[in-house]
Amino acid sequence: MRILHTADWHIGQTLNGWSREAEHRAFLVQLGEILLREQVDALLVAGDVFDGLNPSGEAQRLLYAALAGYVRANPRLQIVLTSGNHDPAQRLEAPEAVLRELGVHVLGTLSRGPEGVDLGRHLIALRDATGQVRAQVLALPFLRQADLPGLRLGAEAGTEAGSGGAVTAALRALLAETVARAQALAGAVPLIAMAHLTCAGGLESAGAERRILIGGDHAVPPDVFPPALAYVALGHLHRPQSLDGGRVRYSGSPFPLSASEIGYDHGVTLLDLDAGAAPRHIPLPRPVPVLRLPARGTAPLPEILAALAALPPGAPARAEGPFLYLALAADRPVTEITAALEAALEPLPLRLAGLTITRPETAAPTAPPPQDLSRTTPEALFAAAFRDLHGCDPETRHLGAFRDALSEV
Ligand SMILES: [Mn+2]
């Protein structure tokens with residue numbers, strides 16, 4: 001019995017206006033090959049299927065075509081998709097009735113019954129090739145504040161730490177009660193969970209995924225997942241990583257979704273229930289290179305231009321070319337930098353994904369100490385700030401604009 005765990009597809013994502021559809025298409029093809037090659041019985045997608053709350057027709061077409069292809073290639077394949085914080089929860093599960101006929105379960109929102117979480121919907125039996133139930137999966141979507149009974153009282157208690165503790169306590173209670181009922185229904189077969197949240201001890205993917213859980217900056221410890229869960233398939237953090245000895249795991253996203261993720265070993269996770277082995281990470285090739293210049297920190301314009309000139313020749317067309325993040329240290333006026341970059345990038349088949357221009361940090365120690373405000377003028381402060389930002393004195397038109405603004409204060 002083999003289960004493939006993946007998450008954070010972010011179908012429909014764009015970088016600086018550039019579509020990533022070709023990369024998603026390539027990933028979905030690779031995934032189909034892995035499903036067949038590894039003889040996977042069940043595919044779990046733990047949230048952030050789509051990148052935004054309003055996925056385009058193309059994005060939806062891509063998803064459903066891939067799902068149909070997987071089921072066509074292996075009619076016994078079971079697929080479970082849950083929502084992440086990026087997904088349109090209601091829309092994701094709108095085609096639920098049709099997908100169910102194909103063995104595809106989609107859970108965007110948490111359903112409750114008189115007993116609590118509706119296990120008729122959220123507990124899904126996974127069968128092996130012979131049709132025997134070999135595992136049960138408790139499929140939980142991204143949880144919102146209203147999904148955690150008792151949270152509101154604790155959250156209103158005040159402090160950040162207090163509300164974080166309240167989230168953990170409320171989630172712990174929900175999982176304890178739900179898993180206990182699920183375990184009773186599951187009987188002897190392994191119980192697996194899917195969730196989309198930040199788990200403490202997880203390595204953050206800086207800048208890309210805020211610590212989001214139920215509208216706050218909260219991370220929960222891995223032990224909120226009761227020991228009765230043999231495996232917890234998580235989504236939300238884009239770097240593949242194991243917690244609690246591999247029992248709780250982030251599969252990571254299939255490819256970098258921001259500059260901070262370039263160094264991640266992106267892939268999917270294969271879980272072999274019969275072998276009883278640790279989950280196995282299957283790395284994925286990058287459909288398109290994602291570059292950052294420089295690799296770390298910032299560099300001045302001449303260094304960046306030299307690095308651009310040294311890049312190996314890439315794709316024939318820019319629309320398929322590598323993504324490029326640039327981080328420059330401002331050693332001259334910003335307008336001069338952007339003009340030089342535009343000229344340097346024009347003939348290259350690169351897609352600019354992001355550009356930051358910052359003052360070099362070495363400027364800080366040499367900067368004059370803060371002045372006594374009574375001994376300076378607003379205009380002198382403006383001129384100093386302008387020089388600091390652009391590396392030259394403000395022109396008459398800049399001073400004129402400043403005086404206009406000052407007169408309106
Ligand atoms: Mn995500």
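Both counts, for ligands and for their atoms, begin at 1 and track the order of listing. As the structure is a computational prediction, the values presented were derived from the model and not from experiment.
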Undergrad: Is the Lys NZ or Arg CZ of Arg351 less than 6.0 Å from the centre of Phe323's six-membered ring, within 45° of the axis?
TA: yes
Undergrad: If you measure from the Lys or Arg side-chain nitrogens to the Asp or Glu carboxylate oxygens, is any gap between Asp128 and Arg134 under 4.0 Å?
TA: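 Between Arg134 and Asp128 there is a salt bridge, with a charged N closer than 4.0 Å to a carboxylate O.
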Undergrad: Please determine whether His236 has a backbone or side-chain N, O or S atom lying under 2.8 Å from the Mn ion (ligand 1).
TA: no
Undergrad: Which atom name does Asp8 have for its N/O/S atom nearest to the Mn ion (ligand 1)?
TA: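 Among the N, O or S atoms of Asp8, the one closest to the Mn ion (ligand 1) is OD1.
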Undergrad: Verify the distance test for His196 against the Mn ion (ligand 1): any N/O/S atom under 2.8 Å, yes or no.
TA: no
Undergrad: Is Arg121 paired with Asp118 through a side-chain N to carboxylate O contact shorter than 4.0 Å?
TA: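 Answer for the salt bridge query: no.
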Undergrad: Is it the case that the side chain of Asp274 and the backbone of Met1 share a donor-acceptor pair, with hydrogens and angles ignored and the cut-off at 3.5 Å?
TA: yes
Undergrad: Would you name the N/O/S atom of Asp48 that lies closest to the Mn ion (ligand 1)?
TA: OD2
Undergrad: Would you confirm whether the ring centroid of Phe386 sits within less than 6.0 angstrom of the ring centroid of His398?
TA: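 Here the rings of Phe386 and His398 have centres that are less than 6.0 Å from each other.
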Undergrad: Please report, to 10°, the angle around the Mn ion (ligand 1) from atom NE2 (His10) across to atom NE2 (His238).
TA: 90°
